[in-house]
Structures are given as C-alpha cells and as structure tokens.
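Have a look at the structure below, then the notes.
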2 protein chains.
Amino acid sequence: MAIPDDSSARTRIRDAALERFGRDGVNRVTIRAIAADAGVSPALVVHHFGSKEALRRECDAYVVATMRGDGIDNTDELSDAAAGNARGLSRMLDAAAPVRRYLARAFLDGSPEAAALFDEIVDLTAAWLADGEREGRVRRTEQPRTRAVVYVTHLLAPLAFDEHVARVLGVEDLHDIDVTLRFSRVAIEMFTHGIFTDERALDAWDAVRKERES
Amino acid sequence: MAIPDDSSARTRIRDAALERFGRDGVNRVTIRAIAADAGVSPALVVHHFGSKEALRRECDAYVVATMRGDGIDNTDELSDAAAGNARGLSRMLDAAAPVRRYLARAFLDGSPEAAALFDEIVDLTAAWLADGEREGRVRRTEQPRTRAVVYVTHLLAPLAFDEHVARVLGVEDLHDIDVTLRFSRVAIEMFTHGIFTDERALDAWDAVRKERES
DNA sequence: CGGCGGGCTGAACATTTGTTTAGCCTCAGG
DNA sequence: CCTGAGGCTAAACAAATGTTCAGCCCGCCG
C-alpha cells in the first residue's frame with residue numbers, strides 16, 4: 001500500500017486531467033469534471049495534488065518526461081532523420097494522441113515549463129538541421145535559428161488546429177494513423193520541394209525589402 | 001446622438017474586448033477587465049452587448065467583416081500573388097496585430113463563426129493554388145485540398161505560437177514590421193525550395209506506407 | 001419649463017468553482 | 001482485537017465572475 005500502482009486513483013486522476021486539459025485547455029476544465037472522469041470525488045483531486053495549478057504542473061512534468069524519453073527507449077534516430085525530424089520533435093509527433101494534444105495546448109497556454117520545453121525542442125531541431133546542412137541533406141540558410149523556429153511551428157500547426165484540419169478533411173480523428181500518414185505526406189512534399197515552381201515570391205519579398213530601405 | 005461615433009464607449013468596449021480576447025483567450029478574460037480597459041463600468045458592457053458571449057460574437061463578426069474586406073478596399077491581388085498568398089490569407093496577414101491575434105485565438109478556441117471563416121480561407125487558398133497550378137506557378141499535387149489546409153495552418157502557426165517565436169528570436173514583438181519581414185523571408189524560402197536537398201524524407205514515407213500495406 | 005429616454009453606474013445577486021474541514025472506512029502492524 | 005494512518009468522501013466555504021436592479025445624470029422634445 002506504500003507504492004500506488006499505475007491504475008491507482010492518483011494515476012487515473014492525472015490521466016483524466018491530461019486528457020481534458022489537452023482537449024479543452026486548462027481554464028475550461030473544472031476539478032469536478034476531472035474527478036468525474038476519474039470516478040472519484042473532487043476533494044480527492046486536491047487531496048492528492050494540492051491544487052489545480054499543482055495538478056497542471058504535474059501533467060506538465062509527466063509530459064515533459066515523456067518527451068525527454070524517460071521510460072521509453074525511443075532512439076529510432078535513423079527513422080527520425082529519414083522522416084525529417086529532430087529527435088525532440090520526433091518524440092512529440094510519435095507520442096500518444098493525448099500527450100500530443102496536451103503539449104500543443106500547453107504551448108498555446110504558455111506555462112513556463114512549456115516554454116522551456118519549446119526552447120529545448122527548437123535547440124534540438126536547430127542542431128539536427130545544422131548536422132543536415134553539414135551532411136548536405138539540408139539546404140543552407142542565412143538564418144538557421146529562425147528556420148528552426150519556422151520548422152518547429154509548422155510541424156506543430158496541425159496539432160494546434162487539429163479541430164479545423166479534421167473538419168476540412170472530413171475525417172473523424174486527425175490522430176488516426178492513416179489520416180496522419182496522408183496528411184504528413186503533403187507536409188513532407190512541402191518540406192522537400194516547396195510549393196512554388198519559381199522564385200517569384202522570393203523576388204517579391206526582396207522588392208518589399210528594397211522599398212522599405214529607401 | 002442617434003448614431004454613436006467611432007470613439008463611443010461601445011466601440012471602446014469592443015476594441016478592448018478584441019485586444020484582450022486575442023491576447024489571453026476568451027475564458028481568461030473577465031467582463032470587469034474589459035470594462036476597466038475601456039474606462040467604463042462592468043454593467044455598461046452588459047448594457048450594450050447583452051452578455052459576454054454576445055460580446056464575443058460581436059468581436060467575431062467585426063473581425064470576419066474585416067477579413068472579408070468590408071470597409072477596406074484591399075484588392076492588392078498582384079502583391080498577394082507575388083507574396084504567395086490567397087486573398088483570404090493575405091487579408092489576415094495584413095490585418096492589424098490585434099485582429100490577427102484575435103483570429104488566431106478564435107481558431108484555437110473554436111467558435112462556429114471562426115470555423116466557418118477557416119473553411120472559407122481554405123477554400124480561397126485552394127482556389128488560388130489551383131490557379132497557380134494552371135499557370136505553372138505552383139507545383140502539382142495529388143492532394144490539392146490537403147495541401148491547401150497544410151499551407152493555411154503553416155501560415156497560421158507563427159500567429160498561434162507568437163509568444164514562443166518571439167522569445168526564441170529574442171525580439172519584443174513578433175508583429176513588429178521588421179521582425180515580420182525577417183521571419184517571413186525564411187518561410188518564403190521554405191515554400192519556394194523546401195528545406196531538404198534530396199527525396200530521402202519522401203522515400204522514407206513511401207517505405208512506411210509500403211510496410212503498413214503489407 | 002417638465003419630463004423622458006438613453007447612456008451610465010454602484011451595489012446586490014446567483015452561480016460556478018477552487019479549496020477546506022470533519023469524519024468515514026479499510027487494512028496493516030502490534 | 002485494537003489502533004492508527006491513509007485513501008476517500010460529503011458538505012460547507014470563500015472567492016471570482018456573469019448578470020440584474022434601481023436609479024442617477026443629461027440633453028432633447030413637447
């Protein structure tokens with residue numbers, strides 16, 4: 001009775017919180033709703049975690065640990081490189097749907113822990129892209145840091161807007177494996193060839209810049 | 001006195017709501033905070049709009065109208081095409097910062113009006129991309145609809161994650177014109193050439209698909 | 001001048017919601 | 001058996017918050 005096993009009420013509460021926080025955002029979720037999902041009383045939630053805020057932090061910590069690979073040996077680096085993801089990003093995209101949803105939400109809600117994780121993911125991605133440049137897999141750029149951020153946000157985008165993406169594509173669940181596969185195909189195409197056939201857009205940008213300088 | 005002018009309390013309230021809703025999300029914002037920003041009493045907010053929900057809808061309507069181009073003749077189609085944006089998207093990216101922020105937030109919060117606007121933007125973008133294909137400006141794809149969604153979400157991403165992007169780039173305000181310019185340069189590069197030099201990622205995807213089929 | 005309608009407010013109200021309190025029930029250890 | 005600690009709960013509490021109410025103030029119309 002000293003060590004609660006993984007289906008203990010405490011774990012059920014945390015999982016329920018993870019699910020609801022990720023789906024609806026922290027401030028739209030009540031302790032009572034979490035308690036109901038976990039099949040316990042609201043008071044027990046506070047009994048175990050102290051407060052709603054502390055529960056959120058615990059979810060953050062759990063998700064961050066998952067992302068960092070604690071407990072799961074997810075060292076499929078070859079597949080990461082092949083699919084075009086840094087390890088940090090890859091972990092996120094490979095994680096279970098609730099964890100993914102929670103993370104995207106956490107980034108949008110803006111907790112300090114989420115911010116730190118975001119920075120870390122950007123760092124890993126930047127390093128991975130730099131490696132790729134050196135090896136000739138990745139195009140050169142004058143702004144590697146900015147490009148890393150752009151890349152990360154672009155991969156995060158479908159997670160953030162999953163509701164709309166699913167609706168437009170007419171699918172029930174964007175996290176379904178087949179849907180993910182179809183969707184990611186298009187994203188990979190964009191990352192491989194771009195979407196434009198010529199440099200018109202780049203030229204237009206240069207024109208705007210020149211005009212602003214004068 | 002029949003027609004309230006544009007600096008009337010009613011307008012001030014709506015602008016304050018727009019700003020706060022966009023910055024913090026609807027449910028983190030209180031009527032009292034909006035009232036304070038607008039320099040009026042909480043009761044006046046309800047007096048003019050009926051309820052917080054109705055106020056949100058009015059903000060939605062205002063922003064949607066702005067996006068649709070009501071009141072502003074924003075028919076700079078040449079520039080749109082040159083910069084690589086469909087008209088709906090271009091309007092959004094050109095709008096004032098508070099409006100942009102509000103819209104991104106609205107998409108994330110998921111109101112019906114926002115969903116309809118999202119669909120409309122995707123439609124406009126899909127049409128614009130189809131035109132581009134016909135004219136040879138845009139690469140062909142087997143999944144035009146999916147690509148339109150991907151493109152839209154990718155352009156929305158920095159708006160959604162602006163807090164993190166600004167922090168990583170070390171800038172105060174992502175909506176500053178110079179920052180926007182620097183950032184969009186990298187995005188345009190990605191949309192023009194992609195980021196990979198070879199088809200390794202695409203091949204990896206094909207391999208995964210083949211494996212799943214067997 | 002008189003009143004009246006609308007913009008506007010302070011205060012009160014009701015509900016939601018995070019949290020606290022007091023105590024129940026079970027079970028391991030003496 | 002008994003006792004105490006910990007998981008667990010119902011009920012109460014307090015703060016936040018959307019909303020309502022009664023009425024003030026001021027310019028316009030009759």
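Note that this is a predicted model, so its numbers are computed, not measured. Per chain, numbering begins at 1; letters A, B, ... match sequence-line order.
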Pairs meeting criterion side-chain hydrogen bond (donor to acceptor under 3.5 Å, both in side chains) with involvement of residues 18-34 of chain B, two or more places apart: B:E19-B:R23, B:R20-B:D37
A:S51 side-chain N/O to A:V46 backbone N/O, donor-acceptor pair under 3.5 Å: no
Ring pair (Phe, Tyr, Trp, His ring centres under 6.0 Å) against A:F21, all qualifying residues, sequence neighbours excluded: none
Partner residues of B:V208 under the side-chain contact (heavy atoms from CB on, under 4.5 Å) criterion, sequence neighbours left out: A:L181
Set of side-chain contact (heavy atoms from CB on, under 4.5 Å) partners for B:S111, sequence neighbours left out: B:R56, B:D60, B:E113, B:A114
Hey, what are the protein-to-nucleotides 22-24 of chain D N/O distances that come in under 3.5 Å?
none

Contacts of type ring pair (Phe, Tyr, Trp, His ring centres under 6.0 Å), residue A:F191, not counting sequence neighbours: A:Y151, B:H154
By salt bridge (charged side-chain N to carboxylate O under 4.0 Å, His left out) - contacts of B:D123 (at least two apart): B:R145
Residues from residues 45-59 of chain B lying under 4.0 Å of DNA chain D - heavy atoms: B:V46, B:S51, B:K52
Listed once per pair and sorted, the salt bridge (Lys or Arg N to Asp or Glu O under 4.0 Å) pairs that draw on residues 161-173 of chain B, sequence neighbours left out: A:D119-B:R167
Interatomic distance where CZ belongs to B:R32 and C1' belongs to D:dT17 [whole Å]: 5 Å
Which nucleotide in D:dT19, C:dG18, D:dT9 has an atom nearest any side-chain atom of A:L44: D:dT9
Any residue meeting ring pair (Phe, Tyr, Trp, His ring centres under 6.0 Å) with A:Y102, in chain and number order, not counting sequence neighbours: none
Length of the line joining A:I13:CD1 and C:dT19:C1', which is rounded to integer Å: 15 Å
Partner set under ring pair (Phe, Tyr, Trp, His ring centres under 6.0 Å) for A:H48, not counting sequence neighbours: none
Contact residues, residues 18-31 of chain A to DNA chain D [heavy atom, < 4.0 Å]: none
